[in-house]
Amino acid sequence: MTEIRLHNTKTRTKEVFVPLDPQNLRMYLCGPTVYDRAHLGNARPVVVFDVLFRLLRLVYGAAHVKYVRNFTDVDDKINATARARKEAGAEGTLEELIRARTEETIAWYHADMDALGALRPTLEPRATDFIGAMIAMIAGLIESGHAYAKDGHVLFRVRSYTNYGALSGRSVDDMIAGARVEVAPFKEDPMDFVLWKPSDADLPGWDSPWGRGRPGWHIECSAMSYELLGASFDIHAGGIDLQFPHHENEIAQSCCAHPEGQFARYWLHNEMLQVEGKKMSKSLGNFFTVRDLLDKGIPGEVIRFVFLQTHYTKPMDWTQRKADDAKRALLRWRSLTEGVIATYPGPEVLAALSDDLNTAGALNFLQHQGQALGQLAKERAHLAADHPEKLKLNEQLAEFVASAQLMGLLEPAMGAWAAAPQADLSAHAARLSDLRAAAMETKDFAPVDAMKAALLAAGVEVRMSKAGVELLPGAGFDAAKLPPL
RNA sequence: GGCGGGUUGGCGGAGAGGUUACGCAGCGGAUUGCAAAUCCGUGAAGACCGGUUCGAUUCCGGUACCCGCCUCCA
């Protein structure tokens with residue numbers, strides 16, 4: 001069996017991945033807070049860990065991998081949007097408006113992530129469907145002395161968990177010395193964090209032993225991962241910005257609530273995304289959503305290719321240049337492998353991905369391989385379909401496609417953008433060919449050049465050789481602009 | 001202030017203590033009426049300063065710069 005190695009943030013080393021139960025592999029990814037369209041940065045963990053999901057399915061069998069990615073649909077930004085809509089005269093109760101907002105956002109999220117070729121996780125739980133589990137977990141933490149209720153709030157007692165800070169490499173004392181913690185009258189210790197907070201009439205709330213209220217930020221992931229994956233599971237992933245405080249708090253809650261388990265055994269964190277060398281931010285004007293890029297005509301497959309060219313543990317820079325390069329590479333690959341049915345990924349790509357998801361290395365290999373296969377394809381183009389050399393080539397191409405598909409690339413369903421527009425240009429080709437033949441005699445190529453220019457303007461690629469004239473409609477093809485015959 | 005990540009040729013980016021990475025772009029050539037496509041060839045690197053070593057881009061230390069987290073954040 002393929003040995004997978006992963007960089008475990010918890011131990012800060014690359015470790016051989018050994019699942020608790022190879023028949024029931026479990027992975028949790030912190031999903032989005034569904035208050036608005038996903039921005040480009042939100043998409044990085046989705047794409048990166050989608051590759052991990054695909055790799056695990058290949059190695060352990062698709063039926064044996066359970067991948068959970070949550071939707072956090074309790075949040076003040078969602079509340080704010082709902083309230084703004086109500087004030088603007090929208091129909092329905094605040095709860096209904098909140099629900100509508102999260103439903104709408106989830107639908108967008110699915111559409112956008114589907115466009116990037118990300119497989120849907122096995123389960124996509126919503127926080128609001130697990131309020132009962134959160135309340136039960138919080139009650140247990142109070143009972144065991146790890147949490148306390150005060151003024152309608154429930155807080156986690158950070159000092160009660162000695163390993164607090166182990167994941168992110170900080171100590172409670174250092175952080176307090178940093179003095180950037182919220183001091184609140186209901187806190188025993190400034191580092192304590194909220195498990196439950198009270199809701200007034202203008203906010204969504206659920207009845208609890210501590211009054212009507214709503215959960216704090218971190219508890220939903222602890223409750224859902226426990227309910228769906230158990231007290232111990234294999235992989236927990238997310239952006240590096242979540243390492244503290246979100247994941248640190250998850251660990252504290254989960255390990256104190258379920259001391260019988262070890263919570264997540266391998267922690268994977270992806271580094272952040274930048275745009276043209278700078279942090280993506282609204283103030284710099286370089287902030288955009290996945291949808292913005294798709295609407296601009298950048299195919300999801302191209303976005304995915306760009307993401308995978310950078311190792312997930314390194315900061316990734318999104319640039320137009322990279323998108324252009326990726327597009328070219330994918331067009332070449334798609335034309336090379338047209339009609340080829342995938343078989344099984346090649347050993348080089350499998351080895352690269354198994355080595356802590358070295359997608360950049362895998363793509364690099366494919367770039368090289370694609371070039372070599374392109375040459376072979378040309379050399380063997382004249383051979384009969386059942387010629388041994390031809391069969392060998394077809395096998396290699398099938399392996400190439402399977403390797404790409406292991407990273408979610410060259411999937412047939414994602415290729416619509418690269419397909420050449422359907423058009424019968426044979427009459428134009430014949431006409432151009434005639435003009436050219438005549439020009440060869442007269443040495444006056446002006447009519448040929450004029451027609452060629454018109455074809456180019458219509459988005460048609462013109463190839464002329466001794467063999468004849470070839471017209472290929474390209475991405476910007478517009479039949480209405482074709483020159484008259 | 002505390003913690004963490006990064007810095008390889010025009011761009012992306014890999015492996016390896018000593019041998020051309022590779023791809024893209026560029027340049028030169030072939031081919032072409034001209035192009036396109038294709039093919040052949042080719043220059044170019046390891047932020048900076050020290051140390052270890054026969055030898056470092058690769059190991060160690062320091063400096064600079066960039067980025068992130070410490071507050072909502074993927």
- [ ] Hey, can you tell me if A:W267 and A:H269 have their rings parallel, tilted or perpendicular (30° and 60° cut-offs)?
- [x] parallel

Task: P gap between B:A36 and B:G28, integer Å - done: 13 Å

Open item on the list: Tell me the interatomic distance from A:H246, atom NE2, to B:C70, atom P, rounded to whole angstroms.
Closed with: 13 Å

Task: Test log, rule side chain to side chain contact (heavy atoms under 4.5 Å, CB included), inputs A:V460 and A:L472 - done: CA-CA 5 Å; A:V460 180; A:L472 302 166; 5.6 Å; no

Task: Check: A:S225 side chain, A:S222 main-chain N or O, donor-acceptor pair, under 3.5 Å - done: yes

Task: SB check A:D317 A:K322 (cutoff 4.0 Å) - done: no

Tell me which donor-acceptor pairs under 3.5 Å the side chains of residues 113-123 of chain A have, and how far apart each pair is, sequence neighbours excluded?
residue: A:D114; atom: OD1; partner: A:R120; partner atom: NE; Å: 3.0
residue: A:D114; atom: OD2; partner: A:R120; partner atom: NH2; Å: 2.8
residue: A:T122; atom: OG1; partner: A:Y67; partner atom: N; Å: 2.8
residue: A:T122; atom: OG1; partner: A:Y67; partner atom: O; Å: 3.4

Open item on the list: What's the gap between B:A30 and B:A47 when it is taken at their C1' atoms, as a whole Å value?
Closed with: 41 Å

TODO: May I ask you to verify if any side-chain N or O of A:K314 is less than 4.0 angstrom from the OP1 or OP2 atom of B:A14?
DONE: yes

Open item on the list: Can you check the distance between B:A45 and B:G68, where both ends of the measurement are the C1' atom (answer in whole Å)?
Closed with: 27 Å

TODO: Assess whether atom CZ of A:R436 is packed by more than 12 heavy atoms of other residues, nucleotides or ligands within 6.0 Å.
DONE: yes

Open item on the list: Work out how far the C1' atom of B:G13 is from that of B:U38, and round it to whole angstrom.
Closed with: 26 Å

Under-3.5 Å N/O pairs linking protein and nucleotides 31-33 of chain B:
residue: B:U32; atom: OP1; partner: A:K466; partner atom: NZ; Å: 2.8
residue: B:G33; atom: N1; partner: A:D449; partner atom: OD1; Å: 2.9
residue: B:G33; atom: N2; partner: A:D449; partner atom: OD1; Å: 3.1
residue: B:G33; atom: N2; partner: A:D449; partner atom: OD2; Å: 2.8

TODO: Select base, sugar-phosphate, or nothing to describe what A:T310 touches, counting heavy atoms under 4.0 Å on all strands.
DONE: sugar-phosphate

Task: Student check: side-chain heavy atoms of A:L40 and A:L293 closer than 4.5 Å - done: yes

Open item on the list: For A:R126, is there an ion pair with A:E103 - N to carboxylate O distance below 4.0 angstrom?
Closed with: yes

Open item on the list: Just to be sure I understand the rule, does A:E461 reach a base, reach only the sugar-phosphate, or reach nothing, if contact means heavy atoms closer than 4.0 Å?
Closed with: sugar-phosphate

TODO: Starting from C1' on B:A35, measure out to CD on A:E470 and report it in whole angstrom.
DONE: 15 Å

Open item on the list: Check A:D192 with A:K187, please: is the shortest side-chain N to carboxylate O separation under 4.0 Å?
Closed with: no

Task: A:N270 CG - B:C69 P separation (whole Å) - done: 13 Å

Open item on the list: Pair A:S403, A:E399 - check side chain to side chain donor-acceptor pair (under 3.5 Å), show working.
Closed with: CA-CA 6 Å; A:S403 298; A:E399 180 181 289; 5.3 Å; no

Open item on the list: With rounding to the closest Å, how many angstrom separate the P atoms on B:C60 and B:A56?
Closed with: 16 Å

Task: Main-chain N/O of A:R265 paired to A:D234 side chain as donor or acceptor, under 3.5 Å - done: no

Open item on the list: Could you measure the distance from the OG1 atom of A:T72 to the CG atom of A:D75? Nearest 0.5 Å is fine.
Closed with: 8.0 Å

Task: Minimum-distance nucleotide to A:D241 side chain [options: B:A14, B:G12, B:C69] - done: B:C69

- [ ] Take atom C1' in B:G61 and the same atom in B:U53, then report the distance between them in whole Å.
- [x] 16 Å

- [ ] Classify the ring geometry between A:H246 and A:H218 as parallel (under 30°), tilted (30 to 60°) or perpendicular (over 60°).
- [x] tilted

Task: Same-atom distance (C1') from B:U52 to B:A14, integer angstrom - done: 26 Å

TODO: Return the residues of residues 38-45 of chain A meeting this criterion: a heavy atom under 4.0 Å from some atom of RNA chain B. Order them by number, or give none.
DONE: A:H39, A:G41, A:N42

- [ ] Write down the distance between NE2 (A:H311) and C1' (B:G15), rounded to a whole number of angstrom.
- [x] 14 Å

Task: Nucleotide-resolved protein contact map, nucleotides 20-27 of chain B, B/S/- at heavy-atom distance under 4.0 Å - done: -BBSS---

Task: A:M316 CE to B:C67 P, straight-line distance once rounded to whole Å - done: 16 Å

- [ ] State plainly whether the residues A:R328 and A:D325 are in salt-bridge range, i.e. N to O under 4.0 Å.
- [x] yes

Task: Within residues 35-51 of chain A or reaching into it, pairs that qualify as salt bridge (charged side-chain N to carboxylate O under 4.0 Å, His left out) - sequence neighbours excluded - done: A:D36-A:R101, A:R37-A:D112, A:D50-A:R54, A:D50-A:R304

Task: Pair A:R332 + A:E338: basic N to acidic O under 4.0 Å - done: no

Task: Per-nucleotide pairing state of RNA chain B [Watson-Crick or G-U, under 3.5 Å; [ ] pseudoknot-crossing; | other strand] - done: (((((((..(((.....[...))).(((((.......)))))....(((((..]....))))))))))))....

Task: Rounded distance (Å) that lies between atom P of B:A36 and atom CG of A:L472 - done: 15 Å

Open item on the list: What's the gap between B:A35 and B:U8 when it is taken at their P atoms, as a whole Å value?
Closed with: 37 Å

Open item on the list: Categorize A:L363 for me: base, sugar-phosphate, or nothing, with a 4.0 angstrom heavy-atom threshold over every strand shown.
Closed with: nothing

Task: First encountered from the 5' end of RNA chain B, between A:L273 and A:K322 - done: A:K322

TODO: Could you check A:H218 against A:T313 and say which one's nearest nucleotide on RNA chain B is further toward the 5' end?
DONE: A:T313

- [ ] Could you check which of B:A74, B:G15, B:G4 has an atom nearest any side-chain atom of A:R12?
- [x] B:G4

TODO: For A:N249 and B:C70, give me the distance from atom CG to atom P, rounded to whole Å.
DONE: 12 Å

Task: Length of the CZ-C1' vector between A:R463 and B:A37, whole Å - done: 5 Å

